[in-house]
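A short worksheet on the structure shown next.
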Protein chains: 2
Amino acid sequence: MARPLLTRPRSRIRAPEIRARAFDREKDASAQIENLLSRGQQARFRAIATILDYQRGGSTVFTEGEDAHFIYSVISGVVRISRYSDSGRRQVLALMLPGDLFGFPEGGRYVNSAITASSVSLYRVPWQRLRELLLHEPEMHLNMLIRVAFDLREAQRRIMILGQQNISQRLASFLIDFAQHPDFYDERKHRLALPLTRFDLGDYLGSAPETVARAFAKLERLGVIRRISPRLIEIPSLEGLRQVVGGRRRAGNGRGRL
Amino acid sequence: MARPLLTRPRSRIRAPEIRARAFDREKDASAQIENLLSRGQQARFRAIATILDYQRGGSTVFTEGEDAHFIYSVISGVVRISRYSDSGRRQVLALMLPGDLFGFPEGGRYVNSAITASSVSLYRVPWQRLRELLLHEPEMHLNMLIRVAFDLREAQRRIMILGQQNISQRLASFLIDFAQHPDFYDERKHRLALPLTRFDLGDYLGSAPETVARAFAKLERLGVIRRISPRLIEIPSLEGLRQVVGGRRRAGNGRGRL
DNA sequence: CGTGTGATTGAAATGCTTCAATTATCGTGG
DNA sequence: CCACGATAATTGAAGCATTTCAATCACACG
């Protein structure tokens with residue numbers, strides 16, 4: 001009935017009856033506005049959009065609690081989506097990259113804050129006009145649903161990472177994800193340009209900036225990355241990072257598996 | 001510019017310019033199929049639905065990777081939504097309670113597994129027929145979008161909890177959430193009936209079952225809960241649990257904040 | 001050439017995981 | 001209804017991981 005693991009850990013079977021790759025993220029990364037909408041739809045979307053340019057990182061697009069009037073789509077650059085807990089600590093919930101859509105209102109207000117992490121260009125669309133457009137474009141409407149469902153899946157992936165991986169593994173997962181984006185990863189030189197400080201990265205990975213720095217040091221010690229500068233990382237091969245992610249959360253004595 | 005905290009932690013301002021309660025979960029808990037759909041819509045939804053009864057916990061509704069043909073809605077009981085990492089470890093992503101909707105397909109397949117955690121009754125609706133229904137009911141369509149957006153927000157809340165809180169705090173957050181549901185919380189007796197084992201709870205909170213047991217012991221030591229039996233918890237007042245959640249992640253020496 | 005911020009490293013303390021062993025609970029059959 | 005067995009839950013102990021505070025280093029910018 002249950003597919004046995006190499007050894008059965010503890011007293012409980014921890015494998016599903018059927019296994020399949022949950023989903024292929026590299027393929028899914030194409031679920032962007034350009035690919036989601038037909039050419040005609042894109043034109044109608046742009047017709048009601050304004051283009052905004054933010055010269056530098058750290059600019060506020062909107063803040064949690066604010067009245068929500070607009071939806072945004074990233075043209076270029078990176079936007080941090082974050083929320084503050086009651087104790088005042090920030091959590092970076094997601095990073096919006098070119099093609100991503102953000103700013104869905106909840107009860108007329110924004111739930112999260114959006115801050116630029118670099119120089120950024122955005123489409124800005126009035127929510128009301130988009131609503132009207134959706135009424136006449138059921139296909140576009142369905143695409144919106146698919147888009148939100150994609151974000152939900154991404155959030156679930158973050159839950160898995162935060163729930164199961166140690167900091168080095170989380171950092172490795174992050175680097176692998178970012179290396180999928182040609183905007184940041186020079187595939188020829190194997191170099192990844194990070195648009196985040198160690199503080200931001202800490203808030204994204206659920207950890208302290210010092211711990212993130214140590215995780216970088218550890219990955220470098222393992223030989224899977226090299227720090228050209230704090231924000232420019234050389235990745236000889238993504239395979240090394242994948243092996244880090246695949247390992248155990250804790251060193252252990254090696255009995256549990258294999 | 002920035003609203004100062006009691007003391008400014010570290011060298012970086014960690015508070016937003018505008019603060020507001022992110023959202024009111026107790027209010028949001030009403031975003032269920034009964035409240036989301038009008039009376040007529042409900043009737044049309046039920047017209048294409050089959051009722052399924054699972055006698056006991058541990059039954060598989062569907063498994064990740066399976067071809068997806070149906071959408072489900074919980075009538076009564078609890079369903080665990082989980083996914084397995086490549087290393088074979090399970091993460092419980094969400095718990096579906098009465099009124100919740102689950103089983104959205106991704107590329108024709110289920111991404112997660114759904115297993116009953118108790119005796120459960122479900123509506124089962126063929127995805128194809130629901131699609132047809134949605135085409136003729138744009139309002140229902142919009143409600144679906146709202147429903148998925150709600151799930152996304154819930155997932156983001158989980159990200160915050162996993163990213164910022166220690167195990168006792170996560171457990172306290174979980175107990176507070178569950179105490180909102182009259183199906184499990186006897187408000188008169190202040191008793192909460194848990195539909196999960198320590199294993200399930202560990203996989204939900206991103207921790208080991210032993211650690212969860214210790215967290216229960218700690219909350220009891222703090223006087224905010226009392227274990228009648230392992231699965232039946234007395235909560236004298238939710239306020240105590242809220243204070244646990246509001247505290248620091250780590251003991252510290254009290255210098256950082258006030 | 002200072003100055004401030006970001007990044008790194010050190011050291012101590014706390015929290016969590018893991019393995020092991022014991023105890024409690026629940027379902028089932030006698 | 002009770003006893004039994006299996007599973008769940010708890011507790012102990014050791015070791016590893018992360019946080020925290022502190023100090024130093026690196027770097028960009030004026």
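Scope of the values below: all heavy atoms of this structure, side chains included, with no hydrogens, waters or symmetry mates. Lettering of chains follows the sequences in order, A, B, ..., and the numbering in each one begins at 1.
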Run the side-chain contact (heavy atoms from CB on, under 4.5 Å) test against [X] and tell me which residues pass, sequence neighbours left out.
X: B:R124; result: B:T50, B:L52, B:F70, B:Y72
X: A:N112; result: A:I81, A:R83, A:L93, B:Q156
X: A:E187; result: A:Y185
X: A:R188; result: A:D186

Integer-rounded Å distance: [N] [atom2] and [X] [atom1]:
X: A:L201; N: C:dA7; atom1: CG; atom2: C1'; answer: 12 Å
X: A:R231; N: D:dC27; atom1: CZ; atom2: P; answer: 14 Å
X: A:E210; N: C:dG10; atom1: CD; atom2: C1'; answer: 12 Å
X: B:L194; N: C:dC26; atom1: CG; atom2: P; answer: 12 Å
X: B:R198; N: D:dT11; atom1: CZ; atom2: P; answer: 10 Å
X: B:L171; N: D:dA9; atom1: CG; atom2: C1'; answer: 14 Å
X: A:I228; N: D:dA26; atom1: CD1; atom2: C1'; answer: 16 Å
X: A:L232; N: D:dC27; atom1: CG; atom2: P; answer: 13 Å

Of residues 211-221 of chain A, the positions that come close to DNA chain C - non-hydrogen atoms, cut-off under 4.0 Å: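 Listed by number, they are A:A213, A:R214, A:A217.
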B:D200 backbone acceptor or donor facing B:T197 side chain under 3.5 Å: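 Here the side-chain-to-backbone pair exists.
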Flag, side chain of A:Q169 to backbone of A:N166, donor-acceptor distance under 3.5 Å: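 Checking the backbone N and O of A:N166 against the side chain of A:Q169, a donor-acceptor pair under 3.5 Å is found.
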Residue closer to the 5' end of DNA chain D, A:P230 versus A:Q165 (nearest nucleotide):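 First, find each residue's nearest nucleotide; the 5'-ward one identifies A:Q165.
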All salt bridge (Lys or Arg N to Asp or Glu O under 4.0 Å) counterparts of B:R227, not counting sequence neighbours: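 Partners of B:R227 by the salt bridge (Lys or Arg N to Asp or Glu O under 4.0 Å) criterion, ordered by chain and then number, come out as B:E220.
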Are there any protein N/O atoms within less than 3.5 Å of an N/O atom in nucleotides 28-30 of chain D, and if so, which ones and at what distance?
none

Sugar-phosphate, base or nothing in reach of B:G206, heavy atoms under 4.0 Å: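 Sugar-phosphate, backbone atoms only, no base.
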Touch class at under 4.0 angstrom, heavy-atom based, for B:R56 against every strand present: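 Nothing: the residue B:R56, judged by heavy atoms under 4.0 Å, touches no strand.
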Given [options], identify the nucleotide with an atom nearest to the side chain of [X].
X: A:A251; options: C:dT9, D:dA17, C:dC26; value: D:dA17
X: B:I167; options: D:dT20, D:dA9, C:dC16; value: C:dC16
X: B:R250; options: D:dT19, D:dT10, C:dT18; value: D:dT19
X: A:N166; options: D:dA17, C:dC19, C:dT17; value: D:dA17

Under-3.5 Å donor-acceptor pair between B:R249 side chain and D:dT19 base: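 Flag unset: no donor-acceptor pair detected.
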Selection residues 203-224 of chain B - residue pairs positive for ring-ring contact (aromatic ring centres under 6.0 Å, His included), sequence neighbours left out: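 Sorted pair list: B:F174-B:Y204.
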ring-ring contact (aromatic ring centres under 6.0 Å, His included) pairs, two or more places apart, involving residues 217-239 of chain A: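 For residues 217-239 of chain A, and leaving out neighbouring residues, there are no ring-ring contact (aromatic ring centres under 6.0 Å, His included) pairs at all.
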Those residues that, when tested against A:Q91, pass side chain to side chain donor-acceptor pair (under 3.5 Å) (two or more places apart):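 For A:Q91 there are no side chain to side chain donor-acceptor pair (under 3.5 Å) partners, ignoring immediate neighbours.
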Residue pair A:I161 / A:R170: nearest heavy atoms and the distance that separates them: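 Taking A:I161 first and A:R170 second, the nearest heavy atoms are CG2-CG, 3.7 Å.
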Those residues that, when tested against B:Y54, pass ring-ring contact (aromatic ring centres under 6.0 Å, His included) (two or more places apart):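 ring-ring contact (aromatic ring centres under 6.0 Å, His included) check on B:Y54 returns nothing, list empty.
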Under the 3.5 Å Watson-Crick or G-U criterion, the dot-bracket string of DNA chain C, with | for inter-strand pairs: ||||||||||||||||||||||||||||||
Under 4.0 angstrom between A:S229 side-chain N/O and D:dA26 OP1 or OP2: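 No, A:S229 has no side-chain N/O under 4.0 Å of OP1/OP2 on D:dA26.
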